[in-house]
Amino acid sequence: MIVIVGAGPVGLVLALLLARQGVRSTVLDRQDAVYPLPRAVHLDDECARILQNAGVAAGFARISRPAAGLRLLDARHRPLAEFRRSQAVGVHGHPQAGLFDQPELEAVLREAVSASPLISLRLGTEVTGVDASGRVHCGTGVLEADAVVGCDGAGSVVRRALGARWRTLAGDQTWFVTDLLGEPPVRDQDFVEQICDPRRPATYLRVGERRLRWEFRLWPGETPGDLTARLGGLVDPWTHDGVGERQVLRTAAYTFRAVVADRWRRGRVLIAGDAAHLTPPFIGQGLGSGLRDAANLSWKLARVLRGQAGDDLLDTYQSERAPHATALIRLAALAGGLMASPAAPLAGIAGRSARLTGRILAGTGPPLRAGALTPPRRSRRTSLVGSLVPQFPTTETTMDEENHPRLDDLLGPGFALLTRGGPGPAGLRDLAARLGAVVLDTDAPELTRVHHWLIDNATDAALVRPDRVVVATAPARGAARNLGVMSV
Ligand SMILES: O=C(O)CCc1cccc(O)c1
């Protein structure tokens, strides 16, 4: 049994993914009810796919609104750049950007958790400490666990128990955040808008049909009360009638931090999500990093607990996830800095971290390049290893969830070998057999797009992990050595 500390989205998704692996968990949270205020508002399609694998694709589709992308505007709201997202099905089988209200997402997750016989949710239970042997001290006594994962946010008790320290990647920024309910601005075309104005950087987005979010940089010496008093003037460039008839749901100040913990595991005590890293909101990737942690960790914990891998598999959790989360934190900090920079914002975007920036702006995350994933040095730039297998529709028409399974449904919860015919090349086939992988022949008509993806990438087969990361392709030179850590 695994104890998860924290019943926010990361803790609940981790519990659901573990249940899919057949692993029992108890989720503890000191609060009784869903925290009522929205925090995260955006997930990309990779993360929608993680929610799909957690069994809540339909629930997420119901509560989220596909966005058209990201627009950067200058101080006079003239366009500087536009990054479009597919509002239909993108390469991961979901709209590329989904906007939502976090309490609604948490309600969807809680419903799924309550339907799972493998998850027990204990609310109103405060964890006071965790010891190295995995004993969890809480109000009701001591719980013995095979592993403990702290998904308990920025003030994590579990992170403290690990003795981890924050590494600061960029300076803090304080912003004023307000949610209004009512008529959207006429100019709203489903884009997230970021105003690059050194005097007052700002963000606007529409979370729900009529739920509008603005964020404005709060300068030293200003209070949230100062900006609340001027709210009409601040939103007027969008609404042209100030706050008008709209209801002010809340105003608050948030200090955004850019930090990553230097240690994510001690024995079988681990941290994930905001307990391990805090991402400024400017590229909408904070919660996504937490969900990626859950996807990366869940199958590794399951294999270790089943005795299919040694504890050293858990070392690959931080070594794979920390550089990825760090890259996104740096990029978010860069975006936040550019919004306040008098220099031409696009010059910065084109310059620093150009490859990573390009990927994010194109809507694809960076590949994993560490842990057990070490493609041959010469092929690193072109290798599929470390990236996600696309979730192409399994028909040539549109994605019809009810009648046509998605690729991930065919792959199942474990490893999978995708071949261009038959059982696949010998080296990879043996490796796949050792990992208990299902073999999918992409000659099958529903896998035509995957077949072409293998051809386009000049390979006969791809071995895919339970989190859909490609771990080896044919010819699989060196793969057996790299992947030794995946199995006993
Ligand atoms: O990448 C996108 O399409 C949206 C990024 C985003 C989402 C939410 C807030 C934000 O400031 C940026």
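These numbers come from a predicted model, not from an experiment. Counting convention: from 1, in listed order, for ligands and their atoms alike.
Remark: ligand 1 atoms within the under-4.0 Å shell around heavy atoms of Pro281 are 9 (C), 10 (C), 11 (O). Listed by number with element, the atoms of ligand 1 under 4.0 Å from a non-hydrogen atom of Ile283 are 5 (C), 6 (C), 12 (C).
With hydrogens and angles disregarded, a donor-acceptor distance shorter than 3.5 Å links the side chain of Asn457 to the backbone of Trp453.
In this structure, the salt bridge (charged side-chain N to carboxylate O under 4.0 Å, His left out) partners of Arg200, at least two apart in sequence or on a different chain, are Glu222.
In terms of N/O distances under 3.5 Å, ligand 1 is approached by Arg85.
Sorted pairs that involve residues 90-100 and meet salt bridge (Lys or Arg N to Asp or Glu O under 4.0 Å), not counting sequence neighbours, are lacking altogether.
In Leu205, the part holding a heavy atom less than 4.0 Å from any atom of ligand 1 is the side chain. If you look at Gln194 next to ligand 1, the close heavy atoms, those under 4.0 Å, all belong to the side chain.
For the pair Leu105 and Pro9, the tightest heavy-atom approach, listed with the atom from each and the gap, is CD2-CB, 4.4 Å.
The distance from atom CG of Asp274 to atom CG of Asp293, rounded to the nearest 0.5 Å, is 9.5 Å.
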